[in-house]
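Have a look at the structure below before the remarks.
Computed from a predicted model, the values in this text were never measured in an experiment. Residues: numbered from 1 along the sequence shown.
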Amino acid sequence: MTTHQDLAVFSTTVPARAEHLAPLRRRVRGWLDGLRVPTPVRQDVVLAAHEALSDAIDQPRAGRDTTVTLHCDREVVVLTAVDHFTWTARAQHGDHPGERRLRAIARVAERVDLDIDDERGTLTAYFAVPPTGTGQ
């Protein structure tokens, strides 16, 4: 974890394999808990990280590394996941498991940006942090 003024950063790179899902959830949850991120926001971010890694696991190139980075300040938690996702610009409308995962993330995040090219994809999800004393 890196801290600069009121900004905290967490980043990890894990193989896109199912046995890394639970440890990733624990690490993300613990890091956010240490920053006193309210429980509802923490749960949403953990879900989004899980869904992003789950989609990477389902790829034909499964086993490659996925990077999950979190930036947190007093107002927002930003999750960035980089891997070989199944998602496309139309993903929010389909019924493929990966598309359902993306919709799950979009339901809990304030905003989701998706940047996909031939080599990899980058998902960025934004989670608003309520003012202190209103969300725990």
Shortest non-hydrogen contact between Cys72 and Val77, atoms and distance
SG-CG2, 3.7 Å

The side-chain hydrogen bond (donor to acceptor under 3.5 Å, both in side chains) partners of Thr80 (sequence neighbours excluded) come to none

Side chains of Tyr126 and Asp113: does their closest heavy-atom pair fall under 4.5 Å?
yes

Residues in side chain to side chain contact (heavy atoms under 4.5 Å, CB included) with His50, at least two apart?
Leu21, Arg25, Ser54

Nearest heavy-atom neighbours spanning Val45 and Leu79
O-CD1, 3.9 Å

If you group Ile, Leu, Val, Met, Phe, Trp and Tyr by side-chain heavy-atom gaps below 4.5 Å, do Val78 and Val129 land in one group?
no

Option from Val108, Thr39, Ile105 for which side-chain contact (heavy atoms from CB on, under 4.5 Å) with Asp44 holds
Val108

Can you name the residues that form a salt bridge (Lys or Arg N to Asp or Glu O under 4.0 Å) with Asp73, not counting sequence neighbours?
none

Specify the closest pair of heavy atoms between Pro130 and Val41, including all atoms of both residues, with the distance to one decimal.
CD-CG2, 3.8 Å

For Arg107, give me all partners under salt bridge (Lys or Arg N to Asp or Glu O under 4.0 Å), at least two apart in sequence or on another chain.
none

Taking every non-hydrogen atom, the tightest pair across Ala52 and Leu123
CB-CD2, 4.2 Å

Could you list the residues that satisfy salt bridge (Lys or Arg N to Asp or Glu O under 4.0 Å) with Glu75, not counting sequence neighbours?
none

Who pairs with Leu24 by side chain to side chain contact (heavy atoms under 4.5 Å, CB included), at least two apart in sequence or on another chain?
Thr12, Val28, Ala49, Leu53, Val68

Closest approach of Val112 and Ala106, non-hydrogen atoms and distance?
CG2-CA, 3.7 Å

Find the distance between CG (Leu35) and CZ (Arg42) and round it off to the nearest 0.5 Å.
10.0 Å

Closest non-hydrogen atom pair, Arg27 against Phe10:
NH2-CE1, 3.9 Å

